[in-house]
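This report concerns only the one structure given below.
First the proteins, then the strands, lettered A, B, ... as listed; each starts at 1.
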Amino acid sequence: MACNEIWVVARIRDGQITQAGLQLVGAARELAKEKGLDARAVLLGCDRAAADDLSGIVDKVLWLNDERLNEYDAAVYAGALLGLMEARGKPVAIFAGTNDMDSEVIPRLAAMCGAAFASSCVKIGWEGDDLAIRRPIYGGKVYEELAILSRPAMVTVRPGAFDGAQKLAAPGSVEEISVEVPASSGVTVVERASSAQGGQDISDARRVVAGGRGVSGELYRMVEALADTLDGAIAASRALVDAGERPHGQQVGKSGKTISPDLYIACGISGAIHHVLGMNTSKVVVAVNSDPDALIFAAADLGMVGDAKEILPALAEAIRARK
Amino acid sequence: MSLKIAVLVKQVPDHEAIVQIDADGTLDIEDRYVCSFFDEIAVEAALDIRKANADAEILALSVGGKRSVESLRRAMAMGIDQVEQLGDDSMDGADGLAVASLVAARLKTFNPDLVLAGKQAGDDDMGAVGPMVSGLMGMPLVNAATSIDVDADGGKVRMTHSMNAETWTVESGFPIVITAQKGLAEPHVPVVMRVMKAMRAKITNTSIEDLGVPASDSTGRLKRLGYYSPPTRPQVQMVSDVNELVAVLAQRGVI
Ligand SMILES: Cc1cc2nc3c(=O)[nH]c(=O)nc-3n(C[C@H](O)[C@H](O)[C@H](O)COP(=O)(O)OP(=O)(O)OC[C@H]3O[C@@H](n4cnc5c(N)ncnc54)[C@H](O)[C@@H]3O)c2cc1C
């Protein structure tokens with residue numbers, strides 16, 4: 001059984017649809033329209049406000065209003081989505097984010113329904129009636145384009161690939177659906193600690209100031225101060241995470257997070273490909289580095305050569321002056 | 001209880017190998033292959049677990065042709081005694097589901113308590129195989145773990161991993177699939193003696209037929225349309241004054 005829909009797995013954080021979630025809905029609406037399909041947001045768990053919010057940007061919300069889905073469990077979420085497929089038919093495609101949860105749920109689900117999976121898509125279009133996606137491989141040295149022939153086409157999409165969905169003129173509907181929900185996989189959460197260390201989550205921040213080895217130790221304070229001025233989040237290169245100065249949750253790059261803020265300011269970061277891959281879909285990138293030949297300038301829109309110690313406080317001051 | 005651990009490894013181009021697109025649209029990959037970065041971390045994590053559980057049995061598996069044998073030799077050199085190649089070069093370039101299906105078939109007879117894999121391979125960076133094995137085996141999954149603490153007698157394992165804005169400490173019974181993130185373990189460079197020994201070792205192969213799974217048919221699921229160069233940004237605009245920088249940022253609407 002199949003249905004003519006594209007599903008977006010909606011992620012809600014602090015009662016709000018994430019930036020990445022808005023973009024996924026935007027992508028689904030655009031691609032559905034081209035083929036006469038319907039875009040749907042799938043919401044797991046009993047969050048009525050979120051269901052209503054989602055209905056502002058998509059014609060129909062498929063709401064799995066079940067308390068067993070209130071807490072995240074990869075196996076339970078994958079099982080519930082499989083249940084939804086059984087109840088409603090296999091959609092043409094399922095879009096999810098490159099976040100830590102969907103990176104578990106979506107490939108697991110793909111295996112359960114014998115379908116292919118593609119991660120980190122930066123571009124999605126159609127190749128005939130198949131989804132065609134573009135994604136980085138070999139650590140970002142090249143990109144591949146794949147057509148996904150199996151159904152549903154299951155992809156995780158990198159933030160920044162699409163514009164966020166605009167509000168609909170008339171809100172859509174919310175359809176409550178009950179499905180088979182499997183028992184817990186037996187993974188229990190013992191402790192949840194904020195890895196932003198009091199700061200914002202870098203995955204969803206509009207402005208991010210990142211520091212590398214060039215601003216280690218006391219100098220990192222200036223990164224924090226600049227981020228404060230911008231009401232943004234702080235991030236780091238692996239050099240600072242490996243040195244134990246910053247938590248892993250703040251690491252940008254191949255072995256950290258992939259982010260796509262409106263503004264990314266890289267301070268004292270050399271611009272290794274492993275780092276760049278985690279931020280190169282940001283809208284505007286600024287690099288501050290004392291080495292005029294640093295690779296980071298090739299990944300930046302705007303660059304300033306000089307000592308971060310002098311530039312960062314001056315920059316913060318200039319931003320404050322403008323406000 | 002004696003623990004059984006399976007570790008999944010793959011041979012991929014070194015992260016510094018040159019990869020470029022040829023005039024005919026195919027990929028030209030410099031011939032410098034290594035055991036994938038996150039897979040070596042998984043191997044080391046398995047060895048760490050054995051340090052505290054001396055009777056633990058570790059089996060390293062790699063799917064594919066000649067290259068996969070090289071990653072198994074590396075795992076051996078690092079200290080794993082049992083290694084096995086699954087399938088043959090018809091599996092090179094197969095998709096995650098085809099690979100996971102062979103692995104799952106082998107695991108059904110090995111019956112592991114823990115399955116360790118890298119969180120993604122250094123070639124396709126897909127992050128598919130670990131989660132897919134968990135789906136096929138119906139085992140719980142913890143992706144991108146930064147620590148693993150095994151309590152073999154208690155029959156449970158405690159892990160930490162990043163979950164969006166948080167770091168979660170989670171606990172599970174066996175069996176479970178865990179993928180390795182940077183920080184989980186520090187792969188050591190094997191001593192020459194072991195490297196030599198691993199080079200001479202005969203590597204067991206189990207064929208696709210023996211595994212009893214239908215031949216890989218990823219071509220029915222994924223079709224490669226082409227390769228592209230990474231997107232480039234327009235030439236960087238260098239500024240020498242913070243006020244000028246702020247003016248441009250304001251004009252771009254990002255502050
Ligand atoms: C498989 C793999 C995965 C990896 N994953 C990641 C990842 O996820 N994230 C990541 O970041 N890295 C990752 N790396 C590491 C990456 O290759 C680099 O080693 C790392 O990004 C370097 O960090 P850095 O730029 O802070 O330090 P460095 O390369 O040491 O650069 C420091 C920079 O600061 C500048 N500087 C020094 N002093 C000042 C000053 N006073 N003012 C201004 N500038 C100054 C220097 O000119 C230099 O450019 C990975 C590597 C591998 C092999």
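Of the inter-residue distances, the one linking B/L225 atom CG with A/E144 atom CD reads 9.5 Å to the nearest 0.5 angstrom. Atom CZ in B/R158 sits 8.5 Å away from atom OG1 in A/T188 (nearest 0.5 Å).
Remark: the backbone N or O of B/P230 is not paired with any side-chain donor or acceptor of A/K141 at under 3.5 angstrom. Judged by distance alone, with hydrogens and angles left aside, the side-chain atoms of A/R322 form no donor-acceptor pair with the main-chain N or O of B/N243 at under 3.5 Å. At least one donor-acceptor pair closer than 3.5 Å links the side chain of A/E104 to the backbone N or O of B/N143.
B/L249 and A/L302 make their closest contact through CD2-CD1, 3.7 Å (heavy atoms, listed as atom of the first residue, atom of the second, distance). Shortest non-hydrogen contact noted between B/N164 and A/N99 is OD1-CB, 3.3 Å. The two residues B/L136 and A/A111 come nearest to each other via the heavy atoms CD2-O, 3.7 Å. Nearest heavy-atom pair, B/P140 versus A/V187, reported as atom, atom and distance to 0.1 Å: CB-CG2, 3.5 Å. Closest approach of A/Y72 and B/M163 over heavy atoms only: CE2-CE, 3.8 Å.
Ranking A/G79, A/A116, A/S120 against chain B, the residue ahead of the rest is A/A116, based on heavy-atom pairs under 4.5 Å. Interface check for chain A: of the options B/D241, B/T160, B/T179, the most heavy-atom pairs under 4.5 Å are formed by B/D241.
The pair B/D125-A/K254 counts as a salt bridge, with a side-chain nitrogen and a carboxylate oxygen less than 4.0 angstrom apart.
Heavy atoms of A/S255 lying under 4.5 Å from chain B belong to its backbone as well as its side chain. Interface remark: A/R135 contributes side-chain atoms only to the contact with chain B (heavy atom separation under 4.5 Å).
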